[in-house]
Participant: 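Structure in structure tokens, see below.
Letters A, B, ... mirror the listed sequences (proteins, then strands); counts begin at 1.
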Number of protein chains: 2
Amino acid sequence: MVSGAVQMVVDSKSKVETTMEVIRQRIAGRSLLPGGKLPSIRGFAQTLGVSPSTVVDAYERLVAEGLIHARRGSGFFVANQSVPLSLAEIGPKLDREIDPFWISRQSLEAGDAMLKPGCGWLPPSWLPEEPLRKALRALSRAEAPVLGDYGSPLGSPGLRQLLSQRLAGRAIECAPDQIILTESGTQAIDLLCRFLLEPGDTVMVDDPCYFNFQALLRAHRAKMVGVPMTPAGPDIDAMEQMLEAHRPRLYITNAGIHNPTGAMLSPVVAHRLLKLAEQFGLTIIEDDIFADFEHSPAPRLAAFDGLDRVVSIGSFSKTLSASARSGYITARPQWIENLIDLKIATSFGGGRLNAELVLSVLSDGGYRRHMERLRARLAQAMTQVAERLQAIGIAPWLYPQAGMFLWCQLPEGLDAADVARAALAKNIVLAPGNAFSVSQAARGFLRFNVSQSLDDRVFEVLGGQIQG
Amino acid sequence: MVSGAVQMVVDSKSKVETTMEVIRQRIAGRSLLPGGKLPSIRGFAQTLGVSPSTVVDAYERLVAEGLIHARRGSGFFVANQSVPLSLAEIGPKLDREIDPFWISRQSLEAGDAMLKPGCGWLPPSWLPEEPLRKALRALSRAEAPVLGDYGSPLGSPGLRQLLSQRLAGRAIECAPDQIILTESGTQAIDLLCRFLLEPGDTVMVDDPCYFNFQALLRAHRAKMVGVPMTPAGPDIDAMEQMLEAHRPRLYITNAGIHNPTGAMLSPVVAHRLLKLAEQFGLTIIEDDIFADFEHSPAPRLAAFDGLDRVVSIGSFSKTLSASARSGYITARPQWIENLIDLKIATSFGGGRLNAELVLSVLSDGGYRRHMERLRARLAQAMTQVAERLQAIGIAPWLYPQAGMFLWCQLPEGLDAADVARAALAKNIVLAPGNAFSVSQAARGFLRFNVSQSLDDRVFEVLGGQIQG
């Protein structure tokens, strides 16, 4: 039998414990968010039917545990050790230098004083500036609904008609109603991930692959497995083993020119890949945003497959404008119906003006001539940058047939993350290999965008680091 | 002991069963998708080490079960009874007439011959056409990066500066860096849902509420509870009970003029609501897209709360253009950091040209004058439509202080879904109450957009139905 005084201590101790437990549960259950304010002492005491001093004790012990903190004069707040969905904290911890988000943000935030050989797009002066200005002037005279009203759920019929014709040029046969316009290529893949994935599903990507695929898949809480790349496409034997072992739901890859390697799918790899996809019930997203850079089109999975289990996506951000963004999904008719509902729910109408602008530019003869000049300019830059990199000991993994990317190996022993860190201190944004590699197997690689690598300073700084 | 022949039958039966089971599992595990092609008979027989006739038997029995179907000459396909994420199939089954998706799609797909009293936006001729044309002409002369390059992750500094000033006019104090631009108001809420919700979380909405909140929350697989509306905001006593019973993570509501009811938050309701939010650890998204319609601003939760647990979102689709879409999120600084990563992952840069267009229009004196005229025009239309509706027995629930919506009750006994179905046959798109109601408690209501209800035919058709 315990004495009254001891009983009182036990009671009040258990009330403090209980109060602490309620707070812990609210934080764990996310009804109290990191950074969120805790209930007021008086109010919470009333809610729980305990004395204010019990709540004070409980809060102070939670402060000592680091779970909450006090802010002078304004109350108690949940500590910030975790946030609801911090993408940077899903998946393995990476050096900031090889974190996919970091490279995107560095490139997007870089001022004019920065050089950006690591960024994934052309300098604005390489884009079809005159056709864009002309299209904007034409838009300023458009009918009122074009200027002010929502578009139809599928998006501009004129642009979809034109895209259907352009896709036929890559042997992808589809009716305009099998095309749904989106606000960007990224949004197209995001919409498809919403449609096709559940949290925890496994997705196969190329290793290396475009780093934002990884960022996007993290946002969908998908698991990733990487299939090694060869110059003719993914390594099919490795892919078969991965399909056996991991049964991924989805494979996301580039059509035509692969980012970052510049590899191009061969017909035999395409055929074997689609046989495996059928065998393992794999759906494929083929990201076809670099099509207009090709001198002659590589085989498309979507063409071989007839849009059965392959979905093709495209955009104009790389060739036309990243400011007036517009993308699209090409898929089997039945999926388009479901994608319309998802598009309305998550972005309502959207993108009509940009779609009209893209249609206007694409319909203009000036765009075709611009692209011809651009392909020649990129080929020239590719030769020049490859030579200058080789001169300082940086070797292209392959010499791409087209496009803007050179995937290069550093001299033995150098870590691309170190090189990128040092270069950033000199106002140069690089793209180190492991940002592209799910298996972190590319620490000796860098991706160069040849259109952003023509400044002497790039080679001076890199050369200095390699020799130093 | 079984004879050899019987044993053989048993074996082959169990092989067929096993084969069927493998297919069932692939469908259940979604490695075979609805509409997807089954493995070829020969290939699958080889994979499983059974005879082709076993696979044929298995497939034919699955056809009989309705799980798959045969398409002449092209093989077997998974039946379409369910799709990966069919929004229409999440949540309760609704009549097509009161399905949130259906109203959006009807309104978005409606041709010029349709009247749309049920749609949620102004006719294009009510938008600031001349300021938009002027802004497009100005854009056609902008510097190359404005035309072609990605924007910074937060979006146009000029527009964020201006928004910060405009928010101060509603007593919402925030630095420009607490504002992140999005591609629309819907995308703003979607981004916040990604950040704040897990599948299965409960979200509180108003009952009735803007129907696309429900569509969006279905896409996030959230549960919904609805708090009844009063003319001064949500019913606070009911809200307290719901918070106790359901512990929702999030409350999504309108700022200022409520959609669909036209209700306006009173200061006392705002204060009690925020006290409850603190007590129950509730985060609030305040959707402030109708601000420019107000004659004088109603209290904002975001202003009272100082952007602690309230996030404010806005857009220009209702007042400026739904073709050049642009939206924004205003939140506490720490959340903005996480939202940047999510925005990059799911839509990369995005929306620069539209943001510049919006900035140009908002900075133009013509826009302010246009909005003054528009408010007067809406007030006039409100009077006129309310009178004409009352004349045929349709009674406004309240007479809104501003905006474009009239929430109206049909004569006793009429079901708004029936009325909407009959009106659609006469090329009039209505918005029946239950599309807005989580609890399906608004079958006698319709929402009218007064700017889209000025045609005599609206009242002729409705009047005919009410008397008929």
Side-chain angles (χ1 to χ4, degrees), chain A residues 26 31-32 35 37 39 43 83-88 101 104-105 108-109 124-125 127 129 132-133 136-137 139-140 144-145 147-150 152-153 183-184 186-187 190 195-196 215-216 219 247 278-279 281 308-309 321-325 334 338 341-342 344-350 352-353, chain B residues 26 31-32 35-37 39 43 83-88 101 104-105 108-109 124-125 127 129 132-133 136-137 139-140 144-145 147-150 152-153 183-184 186-187 190 195-196 215-216 219 247 278-279 281 308 321-325 334 338 341-342 344-350 352-353:
Chain A
R26 286 199 186 173
S31 80
L32 265 176
K37 195 173 178 183
V83 284
L85 177 63
S86 171
L87 289 181
F101 292 107
S104 299
R105 285 185 67 164
L108 290 169
E109 284 168 357
S125 61
L127 295 173
E129 199 176 314
L132 275 166
R133 293 188 192 284
L136 281 165
R137 288 194 298 270
L139 262 187
S140 76
L147 297 181
D149 215 349
Y150 291 96
S152 66
E183 299 188 87
S184 63
T186 305
Q187 200 221 357
D190 183 48
F195 177 54
L196 295 167
L216 182 60
R247 303 274 163 170
E278 183 178 333
Q279 187 183 336
D308 177 26
R309 57 176 67 254
S321 167
S323 177
R325 301 193 80 201
Q334 176 211 342
N338 291 293
D341 278 352
L342 263 176
I344 292 175
T346 60
S347 68
F348 215 71
R352 178 174 189 170
L353 202 78
Chain B
R26 286 199 187 173
S31 80
L32 266 176
K37 195 175 178 183
V83 284
L85 178 62
S86 172
L87 289 181
F101 292 108
S104 300
R105 285 184 67 166
L108 290 169
E109 284 168 357
S125 61
L127 295 173
E129 198 177 316
L132 276 166
R133 295 188 191 283
L136 281 165
R137 287 193 298 271
L139 262 187
S140 76
L147 298 181
D149 216 348
Y150 290 95
S152 66
E183 299 187 86
S184 64
T186 305
Q187 200 221 357
D190 183 48
F195 177 54
L196 295 167
L216 182 60
R247 302 275 162 172
E278 182 178 333
Q279 186 183 338
D308 177 25
S321 167
S323 176
R325 302 192 80 201
Q334 175 212 342
N338 291 292
D341 278 353
L342 263 175
I344 292 176
T346 60
S347 67
F348 215 72
R352 179 174 189 170
L353 201 78

Participant: To the nearest 0.5 Å, what is the distance between NZ on B:Lys37 and CZ on A:Arg309?
Facilitator: 9.0 Å

Participant: Measuring heavy-atom distances to chain A, does B:Asp149 have an atom under 4.5 Å in its side chain, in its backbone, in both, or in neither?
Facilitator: both

Participant: Do you know which two heavy atoms are closest between B:Arg133 and A:Ser140, and how far apart they sit?
Facilitator: NH1-O, 3.0 Å

Participant: List the atom of A:Thr186, the atom of B:Ile344, and the distance in Å for their closest heavy-atom pair.
Facilitator: CG2-O, 4.4 Å

Participant: Output the option from A:Gly43, A:Ala144, A:Ser125 having the highest count of non-hydrogen pairs under 4.5 Å with chain B.
Facilitator: A:Ala144

Participant: Residues in side-chain contact (heavy atoms from CB on, under 4.5 Å) with A:Ser321, at least two apart?
Facilitator: A:Leu132, A:Ser323, A:Ala324

Participant: On a heavy-atom basis, which atom in B:Ser184 and which in A:Ser347 lie closest, and how many Å separate them?
Facilitator: OG-O, 4.1 Å

Participant: If you count heavy-atom pairs under 4.5 Å between each of B:Gln187, B:Gln279, B:Arg247, B:Arg137 and chain A, which one has the most?
Facilitator: B:Gln279

Participant: Can you say whether B:Leu139 sits under 4.5 Å from chain A via the side chain, the backbone, both, or neither, judging by heavy atoms?
Facilitator: both

Participant: Could you tell me which of A:Asp308, A:Thr346, A:Leu127 has the largest number of non-hydrogen atom pairs under 4.5 Å with chain B?
Facilitator: A:Thr346

